[in-house]
Protein chains: 2
Amino acid sequence: IITIEHVAKVYEVGAEEVHALRDVSLKIDKNEYVAIMGPSGSGKSTLMNILGCLDTPTRGLYNFKGHNVSEMNDNELAKIRNKEIGFVFQTFNLLPRSDALHNVELPLIYAGVPASERKERAILALENVGLADRMHHKPNELSGGQRQRVAVARALVTRPSIILADEPTGNLDTKTGEDIMSLFNDIYQQGNTIILVTHEEYIAEHAERIIRIRDGLIERDENVIKR
Amino acid sequence: IITIEHVAKVYEVGAEEVHALRDVSLKIDKNEYVAIMGPSGSGKSTLMNILGCLDTPTRGLYNFKGHNVSEMNDNELAKIRNKEIGFVFQTFNLLPRSDALHNVELPLIYAGVPASERKERAILALENVGLADRMHHKPNELSGGQRQRVAVARALVTRPSIILADEPTGNLDTKTGEDIMSLFNDIYQQGNTIILVTHEEYIAEHAERIIRIRDGLIERDENVIKR
Ligand SMILES: Nc1ncnc2c1ncn2[C@@H]1O[C@H](COP(=O)(O)OP(=O)(O)OP(=O)(O)O)[C@@H](O)[C@H]1O
Ligand SMILES: Nc1ncnc2c1ncn2[C@@H]1O[C@H](COP(=O)(O)OP(=O)(O)OP(=O)(O)O)[C@@H](O)[C@H]1O
Ligand SMILES: [Mg+2]
Ligand SMILES: [Mg+2]
């Protein structure tokens, strides 16, 4: 369902060119569970933003479910993101002036879900990440790990078929992190696709395939035997 | 040098009271290396903010180097923070419109350090976290782990005698995280005090004392044999 060919991403900072991705090609099928690992600054979030249709490559092709993403306009991209993809950002990106409940309702509002069903689903999503008792807190009234979990709940509330999670457990203790991984596992068992960036081997072990990135290139791409 | 007695912190959210810290007492001596661990939402950052003179407790006493912190005004608190303490925030708190170099220079500006020395020291601090080649990037032009490292560099640039680091390696791969830990180790060997919050046992193992927090209370406070 996802095919990227010879994708590159170059940023310009003043007179300097930063090659965040140099030449990346990969294919991901429906119902795969992929972990992406690599050093800080190696290009993981840049790759995730391209896969999640949040950014376009400088060079190369991105084919999403048969459509050439690079030929799409902003409206079509936004529609794909809302309907098909749930994205957990490395820096959460919550609306600061809305409480946790409203932040989680937001994707359902875009999807046109009626208000009563919306509220119910958002509450359930927050229960699933252990935050039912924090739903009226704004982001600055939440701990770091609580904000991260609100970001996870928001990504899952539309029940998307593809989850892109950029370091979803970075701010969580091991036990809470395992609760989130077990949520992802359920979603995967239901036939969906999971692509997650992680720095931690024990999180990557939940996946069936590990892609290692270094300096804007794929260094290794291997299937792992799941225990 | 740090003594807190029966400290509590209560937040009000609408009609609700959140007891982030319930009754916390502890003493930390000069040149100790303390790790604070505990579940997401248990009160670690709240405790760090009080220790770092960024916030005042609802109840209880905080004695910092013989001074009663709860009796200080904002100016005196700011002075202590700038002169004595280096704080690495869980959410980095970088100035979005300034580049990495300027962000790291900021504490030196408050400290009245002359411009040429300031720039030199800020560049060195960035070199120490492996970011000399990113000094002119703004925070949104940096990866998550790079922003975290800028936050570390900024905390260390005034050469404070007390480092408070709230999950300083949460966004870093193991290798880069170890580089940061080895920086902290040098600072500790030079006679300074380190208090760090972490979710990872292998990071906590660098410390000589581990304090475990649960639900706003200290559950365990033990010295560990350093290997
Ligand atoms: N400004 C605030 N208003 C209301 N509640 C708050 C506020 N700040 C924190 N809290 C609550 O206080 C509790 C402790 O928060 P704290 O940030 O200290 O947790 P933490 O241990 O650092 O968690 P994490 O590991 O997730 O970073 C949390 O349950 C949080 O929801
Ligand atoms: N908007 C931008 N402008 C310029 N350079 C950028 C920009 N965004 C990212 N970069 C650079 O591109 C490289 C890759 O960034 P990316 O965020 O993809 O790294 P990452 O692998 O996610 O790192 P981390 O593990 O630290 O989150 C980094 O060196 C970063 O400095
Ligand atoms: Mg990243
Ligand atoms: Mg915290």
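Below, chains carry the letters A, B, ... as their sequence lines are ordered, and counting in each starts from 1. Excluded from the calculations below are hydrogen atoms, water molecules and symmetry mates; all remaining heavy atoms, backbone and side chain alike, are included.
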- Heavy-atom distances under 4.5 Å only: say whether B/Thr176 touches chain A with side chain, backbone, both or neither. side chain

- Applying a strict 4.5 Å limit to non-hydrogen atoms, the region of A/Thr91 in contact with chain B is side chain

- Query: Does a sphere of radius 6.0 Å around CD in B/Glu120 hold more than 12 heavy atoms from other residues, nucleotides or ligands, not counting ones at 6.0 Å or beyond?
  - Reply: no

- Message: With a 6.0 Å cut-off (strictly less than), is the heavy-atom count around CG of A/Asn73, excluding the residue itself, greater than 12?
- Response: yes

- Task: Tell me, yes or no, whether the heavy-atom count around A/Tyr110 atom OH, taken from other residues, nucleotides or ligands under 6.0 Å, exceeds 12.
- Result: no

- Highest number of heavy-atom pairs under 4.5 Å with chain A: which of B/Arg149, B/Lys138, B/His136, B/Met37? B/Arg149

- Interface moiety of B/Asp166 toward chain A, non-hydrogen atoms closer than 4.5 Å: neither

- Item | Between CG on residue B/Asn171 and CD on residue A/Gln90, distance to nearest 0.5 Å | 4.5 Å

- Message: Using a 4.5 angstrom heavy-atom cutoff, name the option from B/Val13, B/Asp133, B/Asp173, B/Thr169 with the most pairs to chain A.
- Response: B/Asp173

- Could you go through the side-chain contact (heavy atoms from CB on, under 4.5 Å) check for A/His137 and B/Val18 one step at a time? CA-CA 10 Å; A/His137 286 229; B/Val18 176; 3.5 Å; yes

- Query: Which answer fits B/Glu201, side chain, backbone, both or neither, if we ask what part of it has an atom under 4.5 Å from a heavy atom of chain A?
  - Reply: neither

- Message: Please classify the contact between B/Ser40 and chain A as side chain, backbone, both or neither, with a heavy-atom cut-off of under 4.5 Å.
- Response: both

- Atom CG of B/Asp74 with >12 non-hydrogen neighbours under 6.0 angstrom: no

- Using non-hydrogen atoms only, which part of A/Gln148 is less than 4.5 Å away from chain B: side chain, backbone, both, or neither? neither

- Is it the backbone or the side chain of B/Glu16 that comes under 4.5 Å from a heavy atom of chain A, or both, or neither? side chain

- NE2 of B/His199 to CD of A/Glu200, rounded to nearest 0.5 Å, is 10.0 Å

- Given that the side chain runs from C-beta out, which part of B/Gln146 has a heavy atom under 4.5 Å from chain A: side chain, backbone, both or neither? both

